[in-house]
Undergrad: 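My questions will all concern the structure given below.
The first residue of the sequence shown is numbered 1, and numbering continues consecutively from there.
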Amino acid sequence: MTPDPPVKEQQRASALYFRDRYQPNVEKVRFTRDGDRPGLGVPWSVNAIATIEGSDYNVIIGQGRGPAFVGGTGVPPEAPTPAPHLPLTLIYSDGTSEVIE
């Protein structure tokens, strides 16, 4: 089995996958953990707080998997069609950040 890419790369890829496939109106993703594989054969995932339309949602995200909204924050509203193209702020678990236009 090949080793996983660095955490920061996986966090970035997970946030972009989440935005592109599920929540195009996400404004910010703040990772609360490094992320890992919770079991044999389970895809890599990471805990985060996603800001969508000004509200925060606790979510577990990863490439190739649907989001799991956890912690009682509910599920965000569906994005309007067509969804606006918003800048996405990423705050990584190591405290660094970037904005993706």
Undergrad: Does CD belonging to E78 count more than 12 external heavy atoms closer than 6.0 Å?
TA: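 Not more than 12 within 6.0 Å, no.
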Undergrad: Assess the residue pair I61 and Y17 against the criterion (side-chain contact (heavy atoms from CB on, under 4.5 Å)); give the C-alpha distance rounded to whole Å, side-chain angles, the decisive distance to 0.1 Å, and a yes or no.
TA: CA-CA 9 Å; I61 58 176; Y17 184 81; over 6 Å; no
Undergrad: Would you sort out whether I49 and T32 count as a side-chain contact (heavy atoms from CB on, under 4.5 Å), showing the intermediate values?
TA: CA-CA 7 Å; I49 298 171; T32 58; 3.9 Å; yes
Undergrad: Applying side chain to side chain donor-acceptor pair (under 3.5 Å), can you list everything that pairs with T51, at least two apart in sequence or on another chain?
TA: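 Listed in chain order: D56.
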Undergrad: If you take all heavy atoms of S14 and G62, which pair is closest and at what distance?
TA: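 The pair with the smallest heavy-atom distance is OG-CA, 3.5 Å.
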Undergrad: Going by the angle between their ring planes, with limits at 30° and 60°, are F31 and Y92 parallel, tilted or perpendicular?
TA: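 Answer is parallel, since the angle falls under 30°.
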Undergrad: Is there a donor-acceptor pair under 3.5 Å between the side chain of T73 and the backbone N or O of N58?
TA: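 Flag set: sc T73 to bb N58 pair under 3.5 Å.
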Undergrad: Could you check whether any side-chain N or O of Q11 sits under 3.5 Å from a backbone N or O of R33, counting only pairs where one atom can act as donor and the other as acceptor?
TA: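 Present.
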Undergrad: Might you work through the side-chain contact (heavy atoms from CB on, under 4.5 Å) test for R12 and L90, ending with a clear yes or no?
TA: CA-CA 7 Å; R12 186 178 200 277; L90 301 180; 3.9 Å; yes
Undergrad: Going by atom types only, do S93 and D34 share a side-chain donor-acceptor pair under 3.5 Å?
TA: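 Yes, because at least one side-chain N or O of S93 sits under 3.5 Å from a partner of the opposite role on D34.
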Undergrad: Show, in sequence, the C-alpha distance, side-chain angles and deciding distance for L16 and I100, and conclude whether the side-chain contact (heavy atoms from CB on, under 4.5 Å) test is met.
TA: CA-CA 9 Å; L16 292 174; I100 300 170; 3.7 Å; yes
Undergrad: With a 4.5 Å heavy-atom cut-off, do F69 and P76 have their side chains touching?
TA: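 Yes, at least one pair of side-chain atoms sits under 4.5 Å.
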Undergrad: Can you tell me how far apart CD (E98) and NZ (K8) are? Round to the nearest 0.5 Å.
TA: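 Taking CD in E98 and NZ in K8, the distance rounds to 7.0 Å.
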Undergrad: Out of curiosity, does L86 fall in the hydrophobic cluster containing V26 (side-chain heavy atoms, cut-off under 4.5 Å, transitive links)?
TA: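 Cluster IDs for V26 and L86 differ.
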Undergrad: How close do V99 and P87 get, counting heavy atoms only, and between which atoms?
TA: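 The answer is CG1-CB, 4.0 Å.
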Undergrad: Quick check: do L88 and V29 have side-chain heavy atoms less than 4.5 Å from each other?
TA: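 Yes; the side chains approach each other to less than 4.5 Å.
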Undergrad: Report yes if some heavy atom in the side chain of Y57 is under 4.5 Å from a heavy atom in the side chain of V75; otherwise report no.
TA: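 Y57 does not reach V75 side chain to side chain.
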Undergrad: What are the two closest non-hydrogen atoms of P77 and Q23, and how far apart are they?
TA: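 The answer is O-OE1, 3.8 Å.
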Undergrad: Heavy atoms only: give me the nearest F18-V59 pair and the separation to one decimal.
TA: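 Nearest heavy atoms, F18 then V59: CE1-CG2, 4.3 Å.
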Undergrad: Please examine the side chains of E27 and I52, heavy atoms only from C-beta on, and report whether any two atoms are closer than 4.5 Å.
TA: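 The answer is no, as the side chains (C-beta and beyond) never meet within the 4.5 Å cut-off.
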Undergrad: Is there a side-chain contact between S45 and R65 in this structure, where contact means two heavy atoms from C-beta onward sitting under 4.5 Å apart?
TA: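 Yes; the side chains approach each other to less than 4.5 Å.
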Undergrad: Tell me whether V46 is reachable from Y22 by hopping between hydrophobic residues (I, L, V, M, F, W, Y) whose side-chain heavy atoms are closer than 4.5 Å.
TA: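 The answer is yes; both residues are in one hydrophobic cluster.
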Undergrad: Any donor and acceptor pair, going by atom type alone, linking the side chain of Q10 with main-chain N or O of W44 inside 3.5 Å?
TA: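 Here the side-chain-to-backbone pair does not exist.
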Undergrad: Verify the neighbour count for atom CZ of R30: are there more than 12 heavy atoms of other residues, nucleotides or ligands below 6.0 Å?
TA: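 Check fails, neighbour count at 12 or below.
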